[in-house]
Amino acid sequence: MSRAATTFNQPLGGNTMPRFGGWASMMRLPMCSEAAGLDAAFIGVPLDIGTSHRPGTRFGPRQIRAESSLIRPYNMATGAAPFDALQVADLGDVAINTYNLHKSIEIIERHYQPVIDTGCKPLTLGGDHTIVLPILRALVRRHGPVALVHVDAHADVNDDMFGEGIAHGTPFRRAVEEGLLQTSKVWQIGLRGSGYGADDFDWPRQQGFTVVQAHEVWYQSLAPLMARVREAIGQAPCYLSFDIDGIDPAFAGGTGTPEVGGLTVPQALEIIRGCRGLNLVGADLVEVSPPYDVSGNTALLGANLLFEMLCVLPGVSYR
């Protein structure tokens with residue numbers, strides 16, 4: 001697939017093939033085996049061996065893809081038409097080792113490195129939040145330490161979990177230790193719930209993170225907050241990591257560690273749309289666990305949030 005192509009890949013339309021038919025890729029886009037020539041790509045990481053409570057995120061990528069068949073290529077709210085200007089495809093799934101978390105982390109990093117080296121921006125379908133660590137490791141080799149917009153109920157900065165340094169509650173502690181983040185340009189939004197002590201949220205503040213707890217923004221538009229985020233981050237290379245449990249379980253119950261009092265769906269959309277103008281180098285949507293939402297609504301929300309992420313990548317056309 002060449003960047004000299006005069007046409008761009010398009011999602012398979014609902015008037016061409018019924019929504020319940022066609023290929024089972026993200027938005028029913030063409031599948032590719034390599035990233036050369038792509039501006040952005042969807043990649044699934046079907047991993048849940050880093051979870052601490054309810055498993056099932058290994059089924060997240062497949063269910064997100066299934067629900068994404070409802071999404072059309074033009075964003076009616078923002079005017080974004082990503083398929084007018086970007087070459088996008090589905091690169092399939094990472095073949096993780098489902099019996100070994102540490103080997104899986106190595107596999108993920110090796111899988112992402114050549115994708116990122118081509119200049120393709122990865123949009124990841126998780127999978128539990130452990131996967132962000134190897135993705136950041138691969139990104140930093142190309143871009144250097146990155147800024148971060150992190151939406152989550154949890155800070156994910158545990159020093160360890162059951163004595164293990166790698167798990168879904170530890171990735172951003174490891175990222176700080178490894179120098180992967182521009183810590184003064186990290187924003188954590190939606191944190192809440194109970195904990196074992198104030199250090200759960202104080203440690204990231206001590207590193208320079210800006211922590212926005214969920215109760216601080218109840219009943220509020222997050223557009224003003226995102227204006228602050230854009231001003232603070234500027235044009236630094238930035239990664240967006242979105243844990244579906246950042247959203248209240250009333251809207252997204254299909255996740256492993258739900259916490260009440262979370263963000264609303266409109267607030268989630270405001271956060272992602274507010275990332276327009278940032279120098280995004282990649283993004284993920286993690287912790288969708290389909291067995292805990294048989295309606296498919298959590299995966300449907302995840303699919304739409306991934307589309308919104310695509311819509312705010314640099315280079316997107318607006319009609």
Side-chain angles (χ1 to χ4, degrees), residues 1-13 17 22-47 58-66 68-69 71 73 81-98 100 103-127 130-144 146 180 237-241 279-286 302-303 306-307 309-317:
M1 198 173 299
S2 169
R3 288 186 183 277
T6 56
T7 59
F8 297 96
N9 293 339
Q10 299 294 317
L12 183 62
M17 169 68 70
W23 47 79
S25 61
M26 184 66 182
M27 295 184 68
R28 304 195 300 179
L29 282 162
M31 297 287 296
C32 285
S33 59
E34 59 182 36
L38 298 179
D39 299 297
F42 294 102
I43 303 174
V45 186
L47 180 114
R58 65 181 63 185
F59 303 113
R62 181 167 292 183
Q63 188 65 28
I64 291 169
R65 286 187 173 102
S68 76
S69 67
I71 304 174
F83 303 103
D84 285 2
L86 300 184
Q87 191 68 287
V88 188
D90 189 327
L91 287 177
D93 289 343
V94 179
I96 59 96
N97 182 331
T98 195
N100 190 306
K103 286 183 179 178
S104 291
I105 295 301
E106 296 171 0
I107 291 167
I108 294 165
E109 184 177 351
R110 288 199 304 269
H111 187 100
Y112 272 74
Q113 197 64 65
V115 173
I116 292 164
D117 286 346
T118 68
C120 176
K121 295 178 172 62
L123 299 172
T124 300
L125 294 64
T130 317
I131 68 175
V132 72
L133 179 61
I135 295 170
L136 288 173
R137 287 172 173 170
L139 281 167
V140 165
R141 287 198 179 92
R142 179 178 177 88
H143 300 287
V146 297
L180 308 182
C238 182
Y239 188 77
L240 171 60
S241 188
N279 180 21
L280 289 176
V281 295
D284 65 53
L285 189 287
V286 297
L306 282 157
F307 171 64
M309 293 173 188
L310 174 64
C311 287
V312 296
L313 290 183
V316 166
S317 290

Where do L310 and L123 land on the side-chain contact (heavy atoms from CB on, under 4.5 Å) test, with the steps shown first? CA-CA 8 Å; L310 174 64; L123 299 172; 3.8 Å; yes
Are the side chains of K121 and P314 in touch, meaning some heavy atoms are under 4.5 Å apart? yes
Is any side-chain heavy atom of P82 less than 4.5 Å from a side-chain heavy atom of F307? yes
Does L280 reach the side chain of L313, with side-chain heavy atoms less than 4.5 Å apart? yes
Applying salt bridge (charged side-chain N to carboxylate O under 4.0 Å, His left out), can you list everything that pairs with R65, at least two apart in sequence or on another chain? D90, D93
Smallest heavy-atom separation, P73 atom then Q10 atom, equals CB-OE1, 4.5 Å
So, the side chain of S241 versus the backbone of D284: is there a donor-acceptor pair under 3.5 Å, distance only? no
Mind checking the CD1-OG1 spacing from I64 to T124? Nearest 0.5 Å is all I need. 10.5 Å
Sidechain-backbone polar pair: R28 side chain, S69 backbone, donor-acceptor under 3.5 Å: no
Working to the nearest 0.5 angstrom, can you tell me the gap between I71 CD1 and L306 CG? 8.0 Å
Worked verdict on V45 versus I96 for side-chain contact (heavy atoms from CB on, under 4.5 Å): CA-CA 7 Å; V45 186; I96 59 96; 4.1 Å; yes
For side-chain contact (heavy atoms from CB on, under 4.5 Å), just list the numbers for N97 and S104, CA-CA rounded to whole Å, side-chain angles, deciding distance to a tenth of an Å, and then say yes or no. CA-CA 5 Å; N97 182 331; S104 291; 3.8 Å; yes
Which heavy atom in P122 sits nearest to a heavy atom in Y112, and how many Å separate them? CB-CE2, 3.6 Å
Gap separating the CD atom of E109 from the CG atom of L136, nearest 0.5 angstrom: 10.0 Å
For R137, which of L139, V140, L133 qualifies under side chain to side chain contact (heavy atoms under 4.5 Å, CB included)? L133
Quick one: does any side-chain atom of Q87 pair with a main-chain N or O of F8 as donor and acceptor, under 3.5 Å? no
If you look at every heavy atom in E34 and L38, which pair is closest and at what distance? O-CD1, 3.9 Å
With sequence neighbours excluded, tell me which residues meet side chain to side chain donor-acceptor pair (under 3.5 Å) with R110. none
Check side chain to side chain contact (heavy atoms under 4.5 Å, CB included) between F59 and all other residues, then give those that pass, not counting sequence neighbours. P290, P291
List the steps, then state whether side-chain contact (heavy atoms from CB on, under 4.5 Å) holds for I43 with L91. CA-CA 5 Å; I43 303 174; L91 287 177; 4.0 Å; yes
For F83 and M27 the tightest heavy-atom approach is CE1-CE, 3.7 Å
On a heavy-atom basis, the closest approach of P61 and G126 is CD-O, 3.4 Å
Minimum heavy-atom separation for L47 to I131, with atom names? CD2-CG2, 3.8 Å
